[in-house]
Protein chains: 2
Amino acid sequence: MPFTYPYARPALTVDCVVFGLDVSDLKVLLIQRDLAPFAGRWALPGGFVRVDETLDEAARRELREEAGLTKVFLEQLCTIGEVQRDPRERVVTVAHYALVRLGDHQVQAATDARNAAWFAVDDLPDLAFDHVAIVTTALQRLQGKVRYQPIGFELLPPKFSLSQLQRMYEIILERELDKRNFRKKVLSLGILQDLDEVEQDVAHRAARLYRFDERTYRQKVKDGFNFEL
Amino acid sequence: MPFTYPYARPALTVDCVVFGLDVSDLKVLLIQRDLAPFAGRWALPGGFVRVDETLDEAARRELREEAGLTKVFLEQLCTIGEVQRDPRERVVTVAHYALVRLGDHQVQAATDARNAAWFAVDDLPDLAFDHVAIVTTALQRLQGKVRYQPIGFELLPPKFSLSQLQRMYEIILERELDKRNFRKKVLSLGILQDLDEVEQDVAHRAARLYRFDERTYRQKVKDGFNFEL
DNA sequence: CCTTTATAGTGTTGTTATGACACTATGTCA
DNA sequence: TGACATAGTGTCATAACAACACTATAAAGG
């Protein structure tokens with residue numbers, strides 16, 4: 001009989017740090033727990049992995065069930081196997097992070113539904129388990145990755161202005177960027193499609209709208225191109 | 001009764017991609033399996049996580065037991081939870097990668113011991129399970145990380161010449177670097193300590209030896225310094 | 001309709017980093 | 001002492017980066 005006593009057969013969970021971009025803040029989606037342990041505390045959306053699903057599938061299912069989110073950008077972050085991290089019994093969790101567009105209807109729904117809410121990443125409430133550490137790791141990963149992979153677009157609407165794009169980077173990287181240098185650089189990458197449209201319903205000069213041209217991006221990557229902020 | 005039927009309670013393993021640097025190749029340490037499944041096949045060192053140890057502890061224990069390695073550089077890589085990846089039953093594995101100095105005595109021992117051997121990373125035998133995919137991921141991670149984190153030194157002896165250092169990067173990145181530009185750049189980082197010593201027993205002009213000055217590096221990082229190849 | 005307000009959009013220049021490139025120096029060995 | 005193998009060294013042209021301030025446009029409000 002293999003793998004019996006001394007080997008761990010832990011319960012397995014997935015947890016997701018869901019990032020959304022506000023006007024002025026990077027937000028994280030939290031769910032208020034109604035069961036022990038940590039009943040009443042805010043926690044990352046997540047839950048137990050089922051016997052017939054992969055980790056990625058489990059994470060997506062939890063996002064759908066707990067927050068009504070589908071088709072989001074989702075990546076594995078790290079796995080935490082501290083023996084006593086769950087007071088009940090050993091629970092190993094595979095942490096993920098996700099990027100969503102806060103404007104989306106489904107995201108609105110998520111905010112309305114049950115005990116879910118968005119919190120500014122630098123002003124989080126007390127979290128259950130070791131979830132603060134997971135958020136910290138996720139933020140570091142995002143800050144690192146956003147500079148060499150075009151994942152930031154996942155946080156913006158499909159059509160966006162260069163100002164929005166710049167603000168996104170400023171918020172994530174927590175530092176100001178020079179407007180002219182930023183525009184020069186980002187346009188020179190040649191992965192933005194100028195839509196020849198402008199913003200609507202703004203109380204000032206309307207900005208030109210762009211779209212991330214994933215097709216072109218992929219082609220360029222094949223040819224040895226390297227995205228870099 | 002929580003977490004019974006529908007939830008997974010998988011066996012949990014750790015697997016390690018141990019990299020070592022040869023004169024002309026990046027090598028990976030493999031162990032020949034003597035048990036089914038995949039008896040006789042080469043596989044990554046690794047094994048089941050015990051009830052009382054963390055993932056990191058399990059990985060280090062396996063490295064010690066299977067390869068006689070201690071105190072190596074070790075980082076988590078990714079976790080694989082495909083349902084059928086092990087023919088016996090569901091086994092989730094947390095993959096790691098490690099960097100060791102091939103010159104070390106313990107590493108020599110590892111090579112001698114039982115069915116362990118080093119293979120060039122681009123000339124691997126058939127591997128058990130999904131271990132090829134893990135090696136591929138680990139290599140990509142190493143290639144990415146070596147450029148913005150001074151982890152490559154873990155593959156070199158404590159005292160090394162600039163030529164050795166350059167060769168290390170060339171081997172990992174799989175492209176040639178310009179000697180003068182490389183030396184200029186790496187010295188300008190100010191994280192190498194010139195030991196005022198030269199190589200011994202070489203059949204040509206002996207090279208100056210350097211050491212990675214971790215103290216200075218940490219200090220510089222605190223002051224906002226960014227290592228970059 | 002004219003002023004205010006809010007944001008969009010635009011170029012130049014000095015500085016720094018990068019990449020290309022070839023020869024001399026030093027030590028061992030035959 | 002000559003052949004060899006590798007160490008070590010500098011310049012220049014080009015590209016990338018950082019700093020910097022004003023004009024343009026549209027809506028709102030008096």
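Residue numbering restarts at 1 for every chain, and letters A, B, ... go by the order of the sequence lines. Predicted, not measured: the structure shown is a model, and the values here were computed from it.
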Next on the checklist: So, under a plain 3.5 Å distance rule, would you say the side chain of A/R205 forms a donor-acceptor pair with the base of D/dA24?
Outcome noted: yes
Checklist entry - Rounded to whole angstrom units, what separation is found between the NE2 atom of B/H204 and the P atom of D/dA5? => result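 For the pair B/H204 NE2 and D/dA5 P, the rounded distance is 10 Å.
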Counterpart residues, side chain to side chain donor-acceptor pair (under 3.5 Å), relative to [X] (two or more places apart):
X: B/T136; result: none
X: A/T216; result: A/D213
X: A/D122; result: none

Checklist entry - Using 30° and 60° as the class limits, which term best fits the ring planes of B/F212 and B/F153: parallel, tilted or perpendicular? => result parallel
Please collect all salt bridge (charged side-chain N to carboxylate O under 4.0 Å, His left out) contacts where either partner lies in [range], sequence neighbours excluded, each pair once.
range: residues 143-154 of chain A; result: A/E75-A/K145, A/R101-A/E154
range: residues 157-184 of chain A; result: A/K159-A/E197
range: residues 126-141 of chain B; result: B/R85-B/D130

Next on the checklist: How close do B/Q143 and B/L173 get, counting heavy atoms only, and between which atoms?
Outcome noted: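 Shortest heavy-atom separation between B/Q143 and B/L173 comes out as O-CD2, 3.6 Å.
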Item to check | Heavy-atom pair of closest approach, residues A/L162 and A/F182 | outcome: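 Heavy atoms only, the tightest pair is O-CE2, 3.8 Å.
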Checklist entry - If you look only at pairs with a residue in residues 22-31 of chain B, which of them pass as a side chain to side chain donor-acceptor pair (under 3.5 Å), with sequence neighbours excluded? => result B/D22-B/K27
Checklist outcome for this item: Letter by letter from the 5' end, nucleotides 9-19 of chain D scores (B base, S sugar-phosphate only, - none; protein heavy atoms under 4.0 Å) BBB-----SBB
Pairs under 3.5 angstrom only: tabulate donor-acceptor contacts from the side chains of residues 185-194 of chain A to other protein residues two or more places apart or in another chain.
residue: A/K185; atom: NZ; partner: A/L229; partner atom: O; Å: 3.1
residue: A/S188; atom: OG; partner: A/K185; partner atom: O; Å: 2.7
residue: A/D194; atom: OD1; partner: A/D196; partner atom: N; Å: 2.9
residue: A/D194; atom: OD1; partner: A/R208; partner atom: NE; Å: 3.3
residue: A/D194; atom: OD2; partner: A/R208; partner atom: NE; Å: 2.8
residue: A/D194; atom: OD2; partner: A/R208; partner atom: NH2; Å: 3.3

Item to check | Nucleotides bounding contact with chain B, strand DNA chain C, heavy-atom threshold 4.0 Å | outcome: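 Reading along DNA chain C, I get C/dT18 to C/dT28.
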Checklist entry - Are B/F129 and B/F38 near enough that their ring centres are under 6.0 Å apart? => result yes
Item to check | Sub-4.0 Å heavy-atom contacts from residues 152-174 of chain B onto DNA chain C, ordered by number | outcome: none
Item to check | 4.5 Å side-chain heavy-atom contact, B/Y97 and B/C16 | outcome: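 Counting from C-beta outward, B/Y97 and B/C16 never come under 4.5 Å.
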Checklist entry - For A/V202, which contact category applies under a 4.0 Å heavy-atom criterion: base, sugar-phosphate, or nothing? => result sugar-phosphate
Return the polar atom pairs (N/O with N/O) between nucleotides 28-30 of chain D and the protein under 3.5 Å, or none.
none

